[in-house]
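Keep in mind that this is a model prediction, so the values were computed, not measured.
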2 protein chains.
Amino acid sequence: MEEHSPPQHYLRHETRREMIAAAAIAVILEKGAAALRTRDVAARVGINISTLHFHVATKSDMLRLVAETVRTAFEALLPPLPDPDRPAPDQLRAEVQAYHDSLRDRPELAACFAQLTQIAPSEPAIGALIEDFTRNWCARYVEILTLGRAQGSFRANLAPLPTALMITGALTAFGPRGPGGLAQFWPVFTEIERGLQARPKGGM
Amino acid sequence: MEEHSPPQHYLRHETRREMIAAAAIAVILEKGAAALRTRDVAARVGINISTLHFHVATKSDMLRLVAETVRTAFEALLPPLPDPDRPAPDQLRAEVQAYHDSLRDRPELAACFAQLTQIAPSEPAIGALIEDFTRNWCARYVEILTLGRAQGSFRANLAPLPTALMITGALTAFGPRGPGGLAQFWPVFTEIERGLQARPKGGM
DNA sequence: CCATGAATCAATCATATGATTGGTTAGTGG
DNA sequence: CCACTAACCAATCATATGATTGATTCATGG
């Protein structure tokens, strides 16, 4: 089904590794991480299995490569780190916008990420990488929320960490849903925003 | 490692199927769905592979059995359907409490559910079941939220579906996290609650 | 232009894995 | 208590799968 441009033999190590990562991601998307086979990846790249093993020692290595590739690609799409001097609501929106765009333009990333989450039990290195990324991602929201509370744009009784977990959790749910499932993305974010806003005074 | 009570031979079809489902769930929890092997399940139940195939025709069947078992067990833990005559905030809390308790008392359920998502691509029946369950689960929140808005306990500008997606998304994130990761559960819910509350008037 | 090594492949291995076959045993209805 | 069938198992099959071996080809620096 794939048309590998005619025997474009003899590519560089790093080039091949990138192609392998891309192919592995595609296979994971189509069949799920549970059905990932080194042979399928090799076939997709258009190389022999032994060639694949030349570039990527083991399947476990391949999975690490995929995880690192996805993580790096994801991080490259994130906006600049929170800036204490800009309004938090704007930064929150920018942060969410970046995530939205990643779902729209590179749906493989989040979908693959979700799949990788599941193989963590048998691949501790992957689990650690994912956990680390997730923590960092969440930390960005914690910062923005803390900032916004200090700036007075968010509720004074807002707890940054739980709120950040709520937001990242809600957003993560859009990952596995295909690019079509983005219809409710902004409505969901609008609700989140409403829930954060400072109230005109007079609680209860 | 497992001590199967001494050769308690000749159990009923349904009994064995339940044992098989339980064993499969345990294996999925320990090694992940990708590493699920019919042999491991049989060994855990304490039966021969051919006996396993006698009760469960194929691995695919076994997976469906697992999915249905998890779903049924999950649904059994849910509170009664939303009641238009009770205060929505109470019902919301009851709904969330039930989910919390399921995470605390039956962590296998949510964790296994999450694992099943990785075989969904190659097992459409599983995917459909998961999607269906998720939709129903979300619908419960939609009802409660709609009710609460009508009752005046929630913001008048609250959009039920997006908010329900937000809540279920945020809650789902606690599924894969083990029972230890529940520390932030109630803090997160508290934030959600605060975001829903009707404001004292005077928007903007 | 050739020697060297990086990149490639065909063939093969060892084991894992889902499934089947054919026969054995135990509980049960008559 | 016997016959019948549901439940069970040992042995085996066919294929899938991750990985290796040893030879081959291309690119390139000297």
Side-chain angles (χ1 to χ4, degrees), chain A residues 2 4-24 26-28 30-67 119 121-123 125-126, chain B residues 2 4-24 26-28 30-67 116 118-119 121-123 125-126:
Chain A
E2 264 46 54
H4 338 97
S5 35
Q8 53 183 204
H9 275 297
Y10 280 81
L11 300 188
R12 296 304 192 142
H13 193 61
E14 275 313 311
T15 312
R16 274 293 191 229
R17 282 176 61 92
E18 283 163 22
M19 296 175 71
I20 289 170
V27 173
I28 287 175
E30 284 176 25
K31 307 193 186 182
L36 181 68
R37 300 289 175 259
T38 56
R39 278 174 164 76
D40 292 350
V41 175
R44 206 177 198 99
V45 176
I47 59 179
N48 190 281
I49 332 241
S50 42
T51 304
L52 184 140
H53 275 96
F54 171 75
H55 296 292
V56 154
T58 72
K59 184 181 180 180
S60 192
D61 273 8
M62 190 174 78
L63 284 169
R64 269 199 299 279
L65 173 64
V66 167
I119 62 173
S122 45
E123 214 64 48
I126 307 276
Chain B
E2 263 49 51
H4 336 96
S5 36
Q8 52 183 206
H9 275 298
Y10 280 81
L11 301 187
R12 297 303 191 146
H13 193 63
E14 274 314 311
T15 311
R16 273 296 191 227
R17 282 175 62 91
E18 283 164 22
M19 296 175 71
I20 289 171
V27 173
I28 288 175
E30 285 176 25
K31 308 193 186 181
L36 181 68
R37 300 290 174 259
T38 55
R39 278 174 163 76
D40 292 350
V41 175
R44 208 180 196 94
V45 176
I47 59 179
N48 189 282
I49 332 246
S50 42
T51 304
L52 184 141
H53 275 96
F54 171 74
H55 295 293
V56 155
T58 72
K59 185 182 180 180
S60 191
D61 275 7
M62 190 173 79
L63 286 169
R64 270 199 300 279
L65 173 64
V66 166
L116 287 177
Q118 97 181 265
I119 57 175
S122 44
E123 211 68 46
I126 306 275

Indicate whether OP1 or OP2 belonging to D:dC9 is found under 4.0 Å from a side-chain N or O atom of B:Thr51. yes
Sugar-phosphate only, base, or nothing, as touched by B:Leu36 at under 4.0 Å among non-hydrogen atoms: sugar-phosphate
Choosing from D:dA6, C:dA6, D:dA10, which nucleotide comes nearest the side chain of B:Tyr10? D:dA6
Which nucleotide in the list D:dC8, C:dT8, D:dA7 gets nearest to the side chain of B:Arg16? D:dC8
B:Thr58 side chain, from C-beta outward: closest of D:dA7, D:dG18, C:dA19: C:dA19
May I ask you to decide if B:Arg37's main-chain N or O and B:Lys31's side chain share a donor-acceptor pair within less than 3.5 Å? no
Comparing nearest nucleotides in DNA chain C, the 5'-proximal residue of the pair B:Arg12, B:Lys59 is B:Lys59
Provide, to the nearest angstrom, the distance between the NE2 atom belonging to B:His55 and the P atom belonging to D:dT5. 18 Å
Closest nucleotide among D:dC8, C:dT8, D:dG18 to the B:Leu11 side chain: D:dC8
Reckon A:Arg39 touches a base, only the sugar-phosphate, or nothing at all at heavy-atom distances under 4.0 Å? base
Nucleotide nearest B:Asn48 (side chain, heavy atoms from C-beta), chosen from D:dA10, C:dT8, D:dC8: D:dA10
Rounded to the Å, how far apart are B:Ile20 CD1 and D:dC8 C1'? 12 Å
Between D:dT21, D:dT17, C:dA7, which nucleotide has the shortest distance from any of its atoms to the side chain of A:Ser50? D:dT21
Give the nucleotide from the list D:dA19, C:dA16, C:dC9 with an atom nearest to the side chain of B:Arg37. C:dA16
Test item: B:Arg44 and B:Asp40 side chains (from C-beta on) under 4.5 Å apart, heavy atoms: no
Can you name the closest pair of heavy atoms from A:Ala21 and A:Val66 and give their distance? O-CG2, 4.2 Å
The side chain of A:His53 lies closest to which of these nucleotides: C:dT8, D:dC8, D:dT20? D:dT20
Among B:Val41, B:Leu52, B:Leu11, the one residue meeting side chain to side chain contact (heavy atoms under 4.5 Å, CB included) with B:Ile47: B:Leu52
Starting from C1' on D:dC26, measure out to NE2 on A:His13 and report it in whole angstrom. 18 Å
Evaluate the ring planes of B:His13 and B:His55, with Trp represented by its six-membered ring, and classify them as parallel (under 30°), tilted (30 to 60°) or perpendicular (over 60°). tilted
Atom pair distance, as rounded to whole Å: CG in B:Leu52 and C1' in D:dA11: 17 Å
How close or far is atom C1' of C:dA26 from atom CZ of B:Phe54, stated in whole angstroms? 13 Å
Rounded to the nearest Å, what distance is computed from the CE atom of residue B:Met62 to the C1' atom of nucleotide C:dA19? 13 Å
Assign each of B:Ile49 and A:Ile47 to its nearest nucleotide of DNA chain C by heavy atoms, then name whichever residue's nucleotide is nearer the 5' end. A:Ile47
Verify the contact: side-chain N or O of A:Thr38 to OP1 or OP2 of D:dT17, cut-off strictly under 4.0 Å; return yes or no. no
